[in-house]
Amino acid sequence: MVRWFSRFFARTAPHCRIARFTDSNRMAAIHAQGFAIGWDRAGIETMLGEGHVADVACRPAALGEAVIGFAISRVVLDEAELLTIALDPSARGEGIGRTLLDFHATRLRRAGATSVFLEVAADNAAALALYRRAGFAQIGRRNGYYPPAGGGAGRRDALTMRLDIAHLDPTPRAF
Ligand SMILES: CC(C)(COP(=O)(O)OP(=O)(O)OC[C@H]1O[C@@H](n2cnc3c(N)ncnc32)[C@H](O)[C@@H]1OP(=O)(O)O)[C@@H](O)C(=O)NCCC(=O)NCCS
């Protein structure tokens, strides 16, 4: 019984890896399900080509693996900006966002960053919980920064947040 469970979870457990150009279609589809203004495949491929740090979360699937989430950041010197993190709706609320964010932070450190900055809508409860649990601290607020959600009235505030990652291992290694 114990062996059956460990085999089952080894087959279904998500894992993270560096994003590839061949993931761009799937990344665009996941982005479109998370945000009103989507990023298309070409835009994502441009970011990958520019050397942005991009990672995906995957689940084992019949044809190898299925991409269920991704994170992309831009690194300039010792600062990283988390541009987006998004999961397929079917994969949310299982802790995969946290796993992906931890993996991504390690990669950002190895790319030279010691701090990660981001902006998040003040009413995005899931994202705020994810970031706070990961150790991000609020450093500012931009009033009315985002357009209204779902075409409603009233612009939404953005919170700016920062995470210190200087303590992570900076040694480059293959993933
Ligand atoms: C934000 C997002 C990436 C979080 O990923 P996730 O895998 O669902 O998050 P996790 O399961 O790791 O949960 C992280 C924390 O958020 C909490 N959480 C998850 N969904 C929540 C919700 N709807 N409301 C409040 N808290 C929520 C979890 O309880 C957990 O907190 P805990 O560690 O204190 O228990 C995911 O919801 C998503 O893709 N949203 C759409 C895109 C988006 O808004 N991205 C952020 C842009 S700034």
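Numbers here simply count residues along the sequence, with the first being 1. Just follow the structure's listing: the first ligand is 1, and inside any ligand the first atom is 1.
Compare P89, A91, A125 by their heavy atoms: the one nearest to atom 25 (C) of ligand 1 is in A125.
A heavy-atom separation below 4.0 Å is not found between T84 and ligand 1.
Within a 4.0 Å radius of atom 42 (C) of ligand 1, the protein has at least one heavy atom. Using a 4.0 Å threshold on non-hydrogen atoms, atom 29 (O) of ligand 1 does not count as touching the protein.
Within the 4.5 Å cutoff, the side chain of L168 has no heavy atoms near those of the T114 side chain. Taking the side chain as every heavy atom from C-beta outward, N143 and R141 approach each other to under 4.5 Å.
Listed by number with element, the atoms of ligand 1 under 4.0 angstrom from any heavy atom of L87 are 5 (O), 6 (P), 7 (O), 38 (C), 39 (O). For ligand 1, the atoms sitting less than 4.0 Å from at least one non-hydrogen atom of E94 are 11 (O), numbered in the order shown with element in parentheses. Under a 4.0 Å criterion applied to the non-hydrogen atoms of A86, ligand 1 contributes the atoms 39 (O). Shown in contact with G97 at under 4.0 Å from a heavy atom are these atoms of ligand 1, numbered in order with element: 5 (O), 6 (P), 7 (O), 12 (O). Residue A127 has at least one heavy-atom neighbour below 4.0 Å for each of these atoms of ligand 1: 1 (C), 46 (C). Below 4.0 Å from some heavy atom of G95 lie the following atoms of ligand 1, by number and element: 10 (P), 11 (O), 12 (O). Within ligand 1, counting atoms from 1 as listed, the ones closer than 4.0 Å to a heavy atom of R98 are 12 (O). Close approach of ligand 1 to N124 (heavy-atom distance below 4.0 Å) involves ligand atoms 43 (C), 44 (O), 46 (C).
Protein heavy atom at the shortest distance from atom 48 (S) of ligand 1 is Y131 OH, 3.2 Å. Of the protein's non-hydrogen atoms, the one nearest atom 23 (N) of ligand 1 is A126 CB, 3.8 Å. Protein heavy atom nearest atom 2 (C) of ligand 1, with residue, atom name and distance: L130 CD2, 4.4 Å. Protein heavy atom at the shortest distance from atom 31 (O) of ligand 1 is A129 CB, 4.1 Å. Counting only heavy atoms of the protein, atom 8 (O) of ligand 1 lies nearest to G93 N, 2.7 Å. For atom 37 (O) of ligand 1, the closest heavy atom belonging to the protein is R92 CD, 3.5 Å. Considering only non-hydrogen protein atoms, atom 45 (N) of ligand 1 sits nearest to I85 O, 2.8 Å. Of all protein heavy atoms, the one closest to atom 35 (O) of ligand 1 is R133 NH2, 3.8 Å.
Ionic pairing of R109 and D78 is not present here: no N-O contact between side-chain nitrogen and carboxylate oxygen is shorter than 4.0 angstrom. With salt bridges taken as basic N to acidic carboxylate O contacts below 4.0 Å, none links R74 and E50. Classification of E94 and R59 as a salt-bridged pair holds, one side-chain N sitting under 4.0 Å from a carboxylate O.
Counting heavy atoms of neighbouring residues, nucleotides and ligands inside a 6.0 Å radius, atom CZ of R155 exceeds 12 of them. The neighbour count for I139 CD1, taken as heavy atoms of other residues, nucleotides or ligands under 6.0 Å away, is above 12.
Looking only at distances, no side-chain donor or acceptor of D102 sits under 3.5 Å from a matching main-chain atom of T99.
A donor atom on one side chain and an acceptor atom on the other are not found under 3.5 Å apart for H52 and S73. Side chains of S115 and E79: no donor on one and acceptor on the other come within 3.5 Å.
In plain terms, the two heavy atoms of V67 and I30 that are nearest each other are O-CD1, 3.8 Å.
Taking the six-membered ring where tryptophan is involved, the planes of W39 and H31 are essentially parallel, since the angle between them stays under 30° and well short of 60°.
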